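First up is the structure itself, then whatever we jot down about it.
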Amino acid sequence: MRVVAKSTLVKFWSRPDCADSKGALQSWYDEAIKASWKTPQNIKDHYSSASICGNNRVVFNIAGNKYRLVVEMQYRAGIAWVKFIGTHARYDQIDVENVNEY
């Protein structure tokens, strides 16, 4: 997959209060760029805790569910577009299907 907005991930893990997310986010990124997800089920097969949402959004639990990563999947184009990364508490305040905080 082509991951759009890696800079969003780097910016997030570079924050002093979120530095503990770096390893988990880097691992997710490394796995995502090697993946060829064609359907939501392909993602669930690899990440059973991922949540498939409307508007082609997928929510990944990061660092033991301390953080949430929202990605818009464009399966045919092979693109995973980062739309949000934040704490679980911040995630509870967003509309997953429409968030664009990158």
Side-chain angles (χ1 to χ4, degrees):
M1 303 297 292
R2 184 171 147 234
V3 177
V4 175
K6 180 183 180 187
S7 61
T8 301
L9 303 178
V10 174
K11 183 177 174 183
F12 185 79
W13 78 50
S14 296
R15 292 175 27 189
D17 60 327
C18 300
D20 62 337
S21 68
K22 182 177 181 176
L25 285 171
Q26 185 67 58
S27 292
W28 177 87
Y29 177 82
D30 291 344
E31 291 173 9
I33 62 172
K34 295 174 186 167
S36 57
W37 298 318
K38 302 290 184 200
T39 66
Q41 187 59 52
N42 293 155
I43 294 171
K44 290 292 282 182
D45 289 346
H46 191 78
Y47 293 99
S48 61
S49 65
S51 299
I52 308 301
C53 303
N55 202 19
N56 293 317
R57 302 294 175 99
V58 180
V59 179
F60 295 91
N61 299 319
I62 302 294
N65 204 19
K66 183 174 181 182
Y67 304 104
R68 293 284 180 95
L69 172 63
V70 178
V71 177
E72 179 182 320
M73 300 303 299
Q74 297 174 10
Y75 296 102
R76 283 201 270 168
I79 296 172
W81 191 334
V82 175
K83 295 295 185 175
F84 171 86
I85 178 67
T87 63
H88 199 183
R90 178 71 182 103
Y91 168 82
D92 288 340
Q93 300 172 353
I94 66 165
D95 175 359
V96 173
E97 294 183 14
N98 295 301
V99 68
N100 283 303
E101 292 184 14
Y102 50 88

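Since the model is a prediction, treat every value here as computed from it, not as a measurement. One is the number of the first residue; the rest follow in order along the sequence.
With sequence neighbours excluded, no residue forms a salt bridge (Lys or Arg N to Asp or Glu O under 4.0 Å) with R76. Residues satisfying the side chain to side chain donor-acceptor pair (under 3.5 Å) test with R68, not counting sequence neighbours, are N61, N65, H88. Every residue two or more places apart in sequence or in another chain that forms a side chain to side chain donor-acceptor pair (under 3.5 Å) with Y47 is listed here: E31. Listed by chain and number, the residues in a salt bridge (Lys or Arg N to Asp or Glu O under 4.0 Å) with R2 amount to none (sequence neighbours excluded). Applying the salt bridge (Lys or Arg N to Asp or Glu O under 4.0 Å) rule to K66 yields the partners D20; only residues at least two apart in sequence or on another chain are considered. Every salt bridge (Lys or Arg N to Asp or Glu O under 4.0 Å) that D17 has, sequence neighbours left out, goes to R15.
A side-chain contact (heavy atoms from CB on, under 4.5 Å) with P40 is found for one member of D45, N56, I52 and no other, namely I52. The side-chain contact (heavy atoms from CB on, under 4.5 Å) test with I85 singles out one residue from W13, Y67, Y91, and that residue is Y67.
M73 is not listed as a side-chain neighbour of K38, based on a closest heavy-atom distance of 4.5 Å or more. The shortest distance between side-chain heavy atoms of Y29 and L69 does not fall below 4.5 Å. Residues L9 and W28 have side chains in contact (heavy-atom distance under 4.5 Å, counting atoms from C-beta outward). Using a 4.5 Å heavy-atom threshold, the side chains of R57 and V99 count as touching.
From D95, atom CG reaches atom CZ of F84 across 11.5 Å, with rounding to the nearest 0.5 Å. Atom CH2 of W81 and atom OG1 of T8 lie 10.5 Å apart (nearest 0.5 Å). Expressed to the nearest 0.5 Å, how far CG of N100 lies from CD1 of I94 amounts to 10.0 Å. A distance of 11.0 Å separates CD in E97 from CD in E72, rounded to the nearest 0.5 Å.
The local environment of NZ in K44 is crowded, with over 12 non-hydrogen atoms from other residues, nucleotides or ligands closer than 6.0 Å.
N42 places a side-chain N or O within donor-acceptor distance of the main-chain N or O of T39, the cut-off being under 3.5 Å.
In this structure, A24 and I62 approach most closely via the heavy-atom pair CB-CG2, 3.6 Å.
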